[in-house]
Amino acid sequence: MNVADNLLVSIIISLLAVYVKCEFSFTSMLSSGLSKIHTIIEYGQCNFVECCSNEYISSELDKLDYTLSEELYGQDIAHHVVINALRGHLISSNPPKALSLSFHGPPGTGKTYISQMIAKFLYKKGDQSTFYHFFNGRNDFPLQEKVNEYKGELYKIIINSLQKCERSMFVFDEVDKMPEGLLNVLVPFLDYNMWIKSWRSASSSINTRKAIYIFLSNTGSSRITQRLITLWSEGKQRSEARLQDFENLISIGAFNEKGGFYRSDTIDSSVIDHYVPFLPLEEAHVKKCLKKAFANRGINPSNDMIEEGLSYVTFGPPPHNLYATAGCKRLEQKVAAIVYAKNKERLEF
């Protein structure tokens with residue numbers, strides 16, 4: 001190759017280098033510009049539509065902690081377990097798995113209340129958030145013979161929600177009224193899997209680790225009550241009861257009692273993180289519920305009004321009758337009736 005040929009090759013290489021550099025620069029500028037445009041559009045949308053961002057999802061666990069200490073009566077174990085579990089889960093940008101909490105105990109002890117409070121302090125829109133999903137076993141999954149159909153529907157709902165927001169929350173109420181086997185569909189979402197394939201597109205995967213699942217059930221109630229009575233008979237104060245006194249017997253009871261957890265893979269596979277006991281309420285706790293119900297109506301109740309409210313409460317089990325069989329359930333309605341009757345007497349007088 002002569003000198004002229006060498007010079008020509010050098011010129012061509014130089015021109016190609018300049019072209020590639022300019023092309024790369026243009027592509028980078030274009031990519032950066034498109035990214036900025038996308039960010040601006042997304043920001044504008046989030047002014048009108050709920051987004052999966054810190055503006056709409058910002059856990060206020062200190063406020064939740066305070067609210068539960070003031071308004072959740074007689075449930076110190078549940079309070080501390082839930083707060084610590086949420087802190088441990090939400091503080092991490094990459095938790096090892098989805099958080100799963102299973103609340104067990106008699107009706108009227110605060111299971112639904114605490115799940116609503118979690119939603120309130122996690123999402124800007126509370127339980128009206130599009131990332132919050134509530135299922136009722138009795139209403140949403142009424143028929144055992146349709147369990148496979150329910151599984152498919154539930155799987156799609158969870159996938160769709162996680163596609164929109166990895167910090168989604170799913171609450172399953174009245175688990176004991178759900179068809180057996182239904183909750184097995186949740187195992188892949190609750191297990192130590194970081195990604196799960198989308199049902200719509202095999203090429204896309206979804207992070208399952210940041211979601212929260214809460215199960216509410218009356219299963220294990222009799223075991224919890226009996227264990228608390230045993231501790232009482234041994235001279236132990238309610239405040240001395242610990243999670244370890246109840247957690248194992250709850251999981252065994254839930255696994256063996258009829259309902260959504262009966263022989264369930266969710267228990268057998270050990271993917272539920274915390275079995276949280278809600279203890280039956282004593283008279284002192286019921287009185288607090290009554291005072292709060294009256295206060296909600298702007299009434300400072302007299303002792304007679306409190307005693308009248310207590311007269312509607314049934315205590316058990318015999319022979320000691322230490323605990324309200326329905327907790328604080330229905331007390332709001334009883335208080336409403338008492339207030340109405342008092343106002344009517346006053347007007348007639």
Novice: Can S129 and E50 be counted as having a side-chain donor-acceptor contact under 3.5 angstrom?
Specialist: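 Present: a donor and an acceptor within the cut-off.
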Novice: Taking everything shown except K329 itself, do over 12 heavy atoms lie less than 6.0 Å from its NZ?
Specialist: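 No, because the 6.0 Å sphere around NZ of K329 holds 12 heavy atoms or fewer from other groups.
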Novice: Might you point out which heavy atoms bring E180 and V147 nearest each other, and give the distance in Å?
Specialist: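 What the structure gives for the nearest pair is O-CG2, 3.7 Å.
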Novice: Donor-acceptor pair, K210 side chain versus L90 backbone, under 3.5 Å?
Specialist: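 Side chain of K210 to backbone of L90, a donor-acceptor pair under 3.5 Å: no, none is there.
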Novice: May I ask you to check whether over 12 heavy atoms, not counting those of N139, lie within 6.0 Å of atom CG?
Specialist: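 Count over threshold, so yes.
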Novice: Answer yes or no: does atom CG of L143 have more than 12 heavy-atom neighbours from other residues, nucleotides or ligands under 6.0 Å?
Specialist: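 Yes, the 6.0 Å shell around CG holds more than 12 heavy atoms from other groups.
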Novice: Heavy atoms, side chains only, cut-off 4.5 Å: are M178 and L183 in contact?
Specialist: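 A side-chain contact exists here, since the closest heavy-atom pair is under 4.5 Å.
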Novice: Taking the six-membered ring for Trp and the single ring otherwise, decide whether the centroids of F215 and F261 are under 6.0 Å apart.
Specialist: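 Judged by ring-centre distance (under 6.0 Å), F215 and F261 do meet the cut-off.
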Novice: Just how far is it from atom CG of L122 to atom CG of L86, taken to the nearest 0.5 Å?
Specialist: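 Rounded to the nearest 0.5 Å, the CG-CG separation comes to 8.0 Å.
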Novice: As an exercise, state the distance from NZ of K164 to CD1 of I159, rounded to the nearest 0.5 Å.
Specialist: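 CD1 of I159 is found 13.0 Å from NZ of K164.
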Novice: Would you call N296 and E332 a side-chain contact if the rule is heavy atoms closer than 4.5 Å?
Specialist: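 Yes, at least one pair of side-chain atoms sits under 4.5 Å.
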Novice: Can I114 be reached from V286 by stepping across I, L, V, M, F, W or Y side chains whose heavy atoms are under 4.5 Å apart?
Specialist: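 Per the 4.5 Å side-chain linkage, V286 and I114 are not co-clustered.
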Novice: Does any part of the side chain of L190, heavy atoms only, come nearer than 4.5 Å to the side chain of Y213, both counted from C-beta?
Specialist: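 Heavy-atom side-chain distance check passes, below 4.5 Å.
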Novice: Test of understanding: with ring-ring contact (aromatic ring centres under 6.0 Å, His included), list the residues that count as partners of F103, not counting sequence neighbours.
Specialist: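 Testing F103 for ring-ring contact (aromatic ring centres under 6.0 Å, His included), a comparison that skips the adjacent residues, returns F278.
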Novice: Counting only N and O atoms by type, is there a donor-acceptor contact under 3.5 Å from the side chain of R242 to the main-chain atoms of S239?
Specialist: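 Answer holds: yes.
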Novice: Side-chain contact test, heavy atoms from C-beta onward, threshold under 4.5 Å: evaluate it for V81 versus P277 and give yes or no.
Specialist: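 V81 does not reach P277 side chain to side chain.
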Novice: What's the shortest heavy-atom distance between L61 and I83, and which atoms?
Specialist: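 Result for this residue pair: O-CD1, 4.2 Å.
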Novice: Look up atom CD1 in I214 and atom CD1 in I118, then write down how far apart they are to the nearest 0.5 Å.
Specialist: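 If I round to the nearest 0.5 Å, the distance is 3.5 Å.
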Novice: To check you understand the geometry: which heavy-atom pair defines the closest contact between S100 and D273, and what is its length?
Specialist: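 It is N-OD2, 2.8 Å.
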Novice: Quick one: CG on L154 to CZ on F172, what's the gap to the nearest 0.5 Å?
Specialist: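 L154 CG to F172 CZ: 5.0 Å, rounded to 0.5 Å.
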Novice: State, with a plain yes or no, whether a side-chain heavy atom of K288 is found less than 4.5 Å away from one of K291.
Specialist: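 Contact flag for K288/K291 side chains = no.
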Novice: Under 3.5 Å, is there a donor-acceptor pair between the side chain of T225 and the main chain of S222?
Specialist: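 Looks like no, no N/O pair under 3.5 Å.
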Novice: Would K334 pass as a cation-pi partner of Y312, given that its NZ or CZ must be under 6.0 Å from the six-membered ring centre and within 45 degrees of the axis?
Specialist: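 The answer is yes, since K334 meets both limits relative to Y312.
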Novice: Check for a donor-acceptor pair, side chain of N160 on one end and backbone N or O of K156 on the other, with a separation under 3.5 Å.
Specialist: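 Yes; at least one donor-acceptor contact below 3.5 Å.
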Novice: With a 3.5 Å distance limit and no angle check, can you tell me whether T109 reaches the backbone of G105 through a side-chain donor-acceptor pair?
Specialist: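 Here the side-chain-to-backbone pair does not exist.
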Novice: State, with a plain yes or no, whether a side-chain heavy atom of Y275 is found less than 4.5 Å away from one of I267.
Specialist: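 Yes, at least one pair of side-chain atoms sits under 4.5 Å.
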Novice: Can you hop from I250 to L231 via hydrophobic side chains spaced under 4.5 Å?
Specialist: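 Yes, I250 connects to L231 through the hydrophobic network.
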Novice: Within a radius of less than 6.0 Å around NZ of K97, do more than 12 heavy atoms belonging to other residues, nucleotides or ligands occur?
Specialist: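 Correct, the count exceeds 12.
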Novice: For D62 and R87, run salt bridge (Lys or Arg N to Asp or Glu O under 4.0 Å): C-alpha distance rounded to whole Å, both residues' side-chain angles, the deciding distance at 0.1 Å, then the answer.
Specialist: CA-CA 10 Å; D62 288 340; R87 288 191 191 281; 3.0 Å; yes
Novice: So which pairs with a foot in residues 221-248 pass ring-ring contact (aromatic ring centres under 6.0 Å, His included), sequence neighbours left out?
Specialist: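 Applying ring-ring contact (aromatic ring centres under 6.0 Å, His included) to every pair that reaches into residues 221-248, excluding sequence neighbours, yields W232-H320.
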Novice: Before you tell me yes or no, could you show the steps for L281 and Y323 under side-chain contact (heavy atoms from CB on, under 4.5 Å), namely the whole-Å CA-CA distance, both residues' side-chain angles and the distance that decides it to 0.1 Å?
Specialist: CA-CA 5 Å; L281 300 182; Y323 310 115; over 6 Å; no
Novice: Evaluate K124 against I57 for side-chain contact (heavy atoms from CB on, under 4.5 Å), listing each step before the verdict.
Specialist: CA-CA 6 Å; K124 183 177 180 179; I57 305 174; over 6 Å; no
Novice: Would you say the side-chain atoms of Y123 pair up with the backbone N or O of M169, donor to acceptor, closer than 3.5 Å?
Specialist: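 Here the side-chain-to-backbone pair exists.
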Novice: Given the rule that I, L, V, M, F, W and Y join up when any side-chain heavy atoms are under 4.5 Å apart, are Y132 and L99 in one cluster?
Specialist: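 Y132 clusters together with L99.
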Novice: Check each of L216, N218, N136 against E174 using the side chain to side chain contact (heavy atoms under 4.5 Å, CB included) test, and report the only one that passes.
Specialist: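 Result for side chain to side chain contact (heavy atoms under 4.5 Å, CB included) with E174: N136.
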Novice: Assigning hydrophobic clusters by single linkage (Ile, Leu, Val, Met, Phe, Trp, Tyr; side-chain heavy-atom cutoff under 4.5 Å), is Y113 placed with Y73?
Specialist: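 No.
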Novice: May I have the step-by-step check of side-chain contact (heavy atoms from CB on, under 4.5 Å) for D268 and R263, ending in yes or no?
Specialist: CA-CA 7 Å; D268 204 30; R263 306 293 179 184; over 6 Å; no
Novice: If you measure from CG on L331 to CZ on F294, what distance do you get to the nearest 0.5 Å?
Specialist: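 It is 9.5 Å, given to the nearest 0.5 Å.
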Novice: Quick test of your reading of the model: are K292 and E71 salt-bridged, counting only N-O distances below 4.0 Å?
Specialist: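 Result for this pair is yes, salt bridge flagged.
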Novice: Will you find, in the side chains of S69 and H79, an N or O donor that is under 3.5 Å from an N or O acceptor?
Specialist: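 No - no donor-acceptor pair under 3.5 Å links their side chains.
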Novice: According to a 4.5 Å side-chain heavy-atom criterion applied to Ile, Leu, Val, Met, Phe, Trp and Tyr, with indirect links allowed, do I299 and I338 form part of one hydrophobic cluster?
Specialist: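 Yes: a chain of side-chain contacts under 4.5 Å links I299 to I338.
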Novice: Spell out, as yes or no, whether a donor-acceptor pair under 3.5 Å connects the side chain of Q75 to the backbone of L279.
Specialist: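 A pair under 3.5 Å: yes.
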Novice: Ignoring hydrogens, what is the shortest heavy-atom contact between V187 and S269? Give both atom names and the distance.
Specialist: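 Smallest interatomic distance, heavy atoms only, reads CG1-OG, 4.3 Å.
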Novice: Going by the angle between their ring planes, with limits at 30° and 60°, are F141 and Y150 parallel, tilted or perpendicular?
Specialist: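 Perpendicular: the ring planes of F141 and Y150 meet at over 60°.
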Novice: Verify side-chain contact (heavy atoms from CB on, under 4.5 Å) between K342 and V339, making sure each step is shown before the conclusion.
Specialist: CA-CA 5 Å; K342 295 295 182 185; V339 171; 5.8 Å; no
Novice: Will you find, in the side chains of T219 and H104, an N or O donor that is under 3.5 Å from an N or O acceptor?
Specialist: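 Side-chain D/A pair, T219 to H104: present.
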Novice: Using every non-hydrogen atom in the two residues, find where C51 and F131 come nearest and quote the distance to one decimal.
Specialist: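 Heavy-atom minimum between the residues: O-CE1, 3.5 Å.
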Novice: Looking at CZ of R209 and NE2 of H89, how far apart are the two atoms once the value is rounded to the nearest 0.5 Å?
Specialist: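 That separation rounds to 11.0 Å.
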Novice: So, do F121 and T67 sit near enough that their side-chain heavy atoms are less than 4.5 Å apart?
Specialist: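 They are in contact (side-chain heavy atoms under 4.5 Å apart), so the answer is yes.
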Novice: Given H133, which of I158, I157, D127 fulfils the side chain to side chain contact (heavy atoms under 4.5 Å, CB included) condition?
Specialist: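 Looking at I158, I157, D127, the match for H133 under the side chain to side chain contact (heavy atoms under 4.5 Å, CB included) is I157.
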Novice: Are side-chain N/O atoms of N184 and S264 paired as donor and acceptor at under 3.5 Å?
Specialist: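 Yes, side-chain donor-acceptor contact under 3.5 Å.
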Novice: Could you tell me if the side chain of R223 sits less than 4.5 Å from the side chain of I252, heavy atoms only?
Specialist: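 Counting from C-beta outward, I252 and R223 do come under 4.5 Å.
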Novice: Locate the shortest heavy-atom distance separating E240 from Q237; write the atom from each residue and the value.
Specialist: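 So the minimum-distance heavy-atom pair works out to OE2-N, 2.7 Å.
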